[in-house]
S.K.: 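Provided herewith is a single structure, encoded as structure tokens, for subsequent inquiry.
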Amino acid sequence: MVSIFKEVIRATRPFSIPIEKSCGSSTGLLKTFIPFSQLQEIKLLEQKINSILDSCISVTQLKQVHAQIVRKGLDQCCFVLAKLVRMLTKFEVPMDPYPRNILSQVHFANPFMYTSLIRGYLIQGSFEKSVSLYGEMWREGISPVSFTITAFFKACGAELNVDLGRQFHGQIMKFGGFTQDIYVGNTLIDMYVKCGWLDCGRQVFDEMPERDLISWTTLIVAYAKRGNMLAAVELFDRLPVKDMVACTAMVTGFAQNGQPREALEYFEKMQSMGVDTDEVTLAGVISACAQLGAAKYASWIRDVAEKSGFGPADSVVVGSALIDMYSKCGSVEEAYNVFIIMRVRNVFSYSSMILGFAIHGCAKEAIALFEEMLKTDVKPNAVTFLAVLTACSHAGFVEQGQQFFEMMEKRSCCAPQEDHYACLVDLLGRAGRFEDALELIKTMPMKSNGGVWGALLGACRIHVNPDVAEIAAGHLFELDPNHVGNYVLLSIIYASAGRWKDVSRIRKLIRTKGLIKNPACSLVEGEKGVIHEFYSDDLTHPKSAEIREELQGLLHKLKLQGYQPLLSSAPYDVSDEDKKRILMAHSEKLALGYMLLTTDAGSVIRIIKNLRTCEDCHSFMCAASQVTGREIIIRDNMRFHHFQNGTCSCNNFW
DNA sequence: ATAGGGTTAG
């Protein structure tokens, strides 16, 4: 980019301001002699108008106050005029022509007058105009203040314009002074961080003569967003005083990096330190809960939210987070209750609710809610469409899904992205329309990616289509040769089709590549909300022996009802007896055994699994719900399965 | 004037 600072550099006259223009008064009234007593009076008036401006709630009101300012003879008073400009900016009034003209009418503007306008231009995206006004300010002999500099850095950060930011950083270094300012330093750190230059941000941080909580928090958040929680923890530990914002940054950081337990741990730490909680904190904690699927913890956090005055009726952020949490904890009914009592609903609330319906297999409700949403002022976004497409896909509503997809294409605001194509491929694939799916992939405007081929491979598993699976897997292996899940999925498809030679070929391939399978893991919430983790084939749980016994007893009963182990779900080169043993040691079965052993007959069993549940476990759970009379809810990495009286809410279609 | 914000497939 060509430097737009040329003008500025030429006009530079740092810190040599003509005395008559800057005699220390922000009023700009000193061009005529005013006695001290009157000056005090004017200061009071200024402050009064300032607070009136603050309380204005519309542009019309602001204009009325402006007229009043003129009437009172304060039309040269930059203190109030700059405030007026900032308020106009807040109400999104374009800087040209009205707020800009206020400056033209002032004989002796001060830095705040200029800065407020520069900031206005920056916020409204007029970089060029703000820079030229900055140049004009220098030519008038008025030096920028810290506020001016922060406005620039903030804009560079928002526009991700690191080139301009660096140039500007270089400029102010030459003049000195500003880099000592803590506001400037903090904004500078944030600018580099937002542009992805974390190391530069860190350097500014290290070189700052003084740091405050905000400097630390900015950097903590930066590391957390990068996924480097170790560095975040290290900084957090060094913080002498930890406030609500810094603590929230840690909680949210862990939640966003898939470490929900640590998030809850920090939240508890925060409470024991007596740090306050607000809706932002709650949003992070609730999101962590949603990931854990911890229903008991969830109801506790709901209480905390209500008690701190941020219940779903009062806070749209907390409400939306709760909808997501309840649906991910297995209770779509509770999620809908929250949705109903919310007084304000935004696109997050609707999207979360629609997705909640979708993952619980309530496609009709999802579509009805989407259509209801179209009648409101809340505009659907890319996520909302993804949610409604997912709902169609799980229910096999092909035509309806295609209609929603076309609706997206017609809306210029949200053209279908990769994810939406993947969803549509999934929709067609599940319906067994492989040719249409392949055609769609061929004609999509962006390069085909892991998403669409992954969706196709998943559909091949449902319909046992090894031929198309080979095509999809071929692309996936090329795109991501080390993603072990794709090899496993292909081997399962071969196994289902009885192509055992191909199964062992793929297994050999996995071995020679040195890939390690992601271990399957199931979580359950036991008594007092204690979370128990089970890995497949894992004997480390203290009750292992009893669990095994319980499961053997159950297996015996299920076999009498006609259940047969599905050996293709264990695609290994081993004997049938070993396959049966492997299947019985799947993590979700262990978790089920534990829950049967330790919970009341009337309670619902909830299991959260990190991988997709296999077909054998699925039919095992169906039968188990019949034989034991227990309701079993499994959340796998895709969706929920409600097993009751021998059937599953997904209709064996997942 | 500067820091923390909830929803994303298979």
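Chain identifiers are assigned alphabetically (A, B, ...) following the order of the sequence lines, protein sequences preceding nucleic acid strands; residue numbering begins at 1 within each chain.
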S.K.: Pick base, sugar-phosphate or nothing for A/E418, based on heavy-atom distances below 4.0 Å to the nucleic acid.
M.R.: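 No contact.
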S.K.: Other residues, nucleotides and ligands only: do more than 12 of their heavy atoms fall within 6.0 Å of CZ on A/F339?
M.R.: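 Count over threshold, so yes.
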S.K.: Would you classify A/K225 as touching base, sugar-phosphate or nothing, given that sugar-phosphate means primed atoms plus P, OP1 and OP2, and contacts are heavy atoms under 4.0 Å?
M.R.: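 Result for A/K225 = sugar-phosphate.
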S.K.: Do you know which of A/Y121, A/Y114, A/F168 makes ring pair (Phe, Tyr, Trp, His ring centres under 6.0 Å) with A/Y134?
M.R.: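 Single pass found, and it is A/F168.
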S.K.: Any side-chain heavy-atom pair from A/S349 and A/N346 closer than 4.5 angstrom?
M.R.: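 Yes, side chains in contact.
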S.K.: Mind checking A/D419 for me? I need base, sugar-phosphate or nothing, with any heavy atom below 4.0 Å counting as a touch.
M.R.: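 Base contact - A/D419 has a heavy atom under 4.0 Å of at least one base atom.
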S.K.: Got A/R612 and A/R461 here, is their nearest side-chain heavy-atom distance under 4.5 Å?
M.R.: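 When only atoms from C-beta onward are counted, A/R461 and A/R612 do touch, with a gap below 4.5 Å.
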S.K.: What is the distance from atom SG of A/C460 to atom CD of A/E470, rounded to the nearest 0.5 Å?
M.R.: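 Nearest 0.5 Å value for the SG-CD distance: 10.0 Å.
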S.K.: Which part of the nucleic acid, if any, lies within reach of A/T115 when heavy atoms closer than 4.0 Å are counted: base, sugar-phosphate only, or nothing?
M.R.: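 It contacts nothing in the nucleic acid.
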S.K.: With heavy atoms under 4.0 Å as the rule, sort A/N346 into base, sugar-phosphate or nothing.
M.R.: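 Here A/N346 touches the bases of the nucleic acid.
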S.K.: Under 3.5 Å, is there a donor-acceptor pair between the side chain of A/H475 and the main chain of A/A472?
M.R.: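 Between the backbone of A/A472 and the side chain of A/H475 there is no qualifying donor-acceptor contact (under 3.5 Å).
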S.K.: For a quick check of understanding: with a heavy-atom distance under 4.0 Å over all strands, which category does A/T281 fall into, base, sugar-phosphate or nothing?
M.R.: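 Base contact.
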S.K.: Give A/V383 one of three labels, base, sugar-phosphate or nothing, depending on what nucleic acid heavy atoms sit under 4.0 Å from its own.
M.R.: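 Base contact - A/V383 has a heavy atom under 4.0 Å of at least one base atom.
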S.K.: Classify the nucleic acid contact of A/S320 as base, sugar-phosphate or nothing, counting any heavy atom under 4.0 Å across all strands shown.
M.R.: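 Base contact - A/S320 has a heavy atom under 4.0 Å of at least one base atom.
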S.K.: I'd like to know if A/D190 and A/K154 make a salt bridge, using a cut-off of under 4.0 Å between side-chain N and carboxylate O.
M.R.: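 Not counted as a salt bridge, because no side-chain N and carboxylate O are separated by less than 4.0 Å.
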S.K.: Does anyone know the first and last nucleotide of DNA chain B in reach of chain A, 5' to 3', at under 4.0 angstrom to a heavy atom?
M.R.: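 First and last nucleotides in contact are B/dA1 to B/dG10.
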S.K.: Pick base, sugar-phosphate or nothing for A/M353, based on heavy-atom distances below 4.0 Å to the nucleic acid.
M.R.: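 Answer is nothing: A/M353 stays at 4.0 Å or more from every strand.
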S.K.: Considering only heavy atoms from C-beta outward, does the side chain of A/I367 approach that of A/F404 to under 4.5 Å?
M.R.: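 Yes; the side chains approach each other to less than 4.5 Å.
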S.K.: Going by atom types only, do A/T384 and A/N381 share a side-chain donor-acceptor pair under 3.5 Å?
M.R.: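 The criterion, which ignores hydrogens and geometry beyond distance, is satisfied for A/N381 and A/T384.
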S.K.: Which of residues 354-362 of chain A sit near DNA chain B, with a heavy atom under 4.0 Å from it?
M.R.: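 By residue number: A/L355.
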S.K.: How is A/T218 classified with respect to the nucleic acid when contacts are heavy atoms under 4.0 Å: base, sugar-phosphate, or nothing?
M.R.: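 Touches sugar-phosphate only.
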S.K.: Base, sugar-phosphate or nothing for A/V316? Non-hydrogen atoms, less than 4.0 Å.
M.R.: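 Here A/V316 touches the bases of the nucleic acid.
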S.K.: Base, sugar-phosphate or nothing for A/A422? Non-hydrogen atoms, less than 4.0 Å.
M.R.: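 Since a base atom lies under 4.0 Å of A/A422, the category is base.
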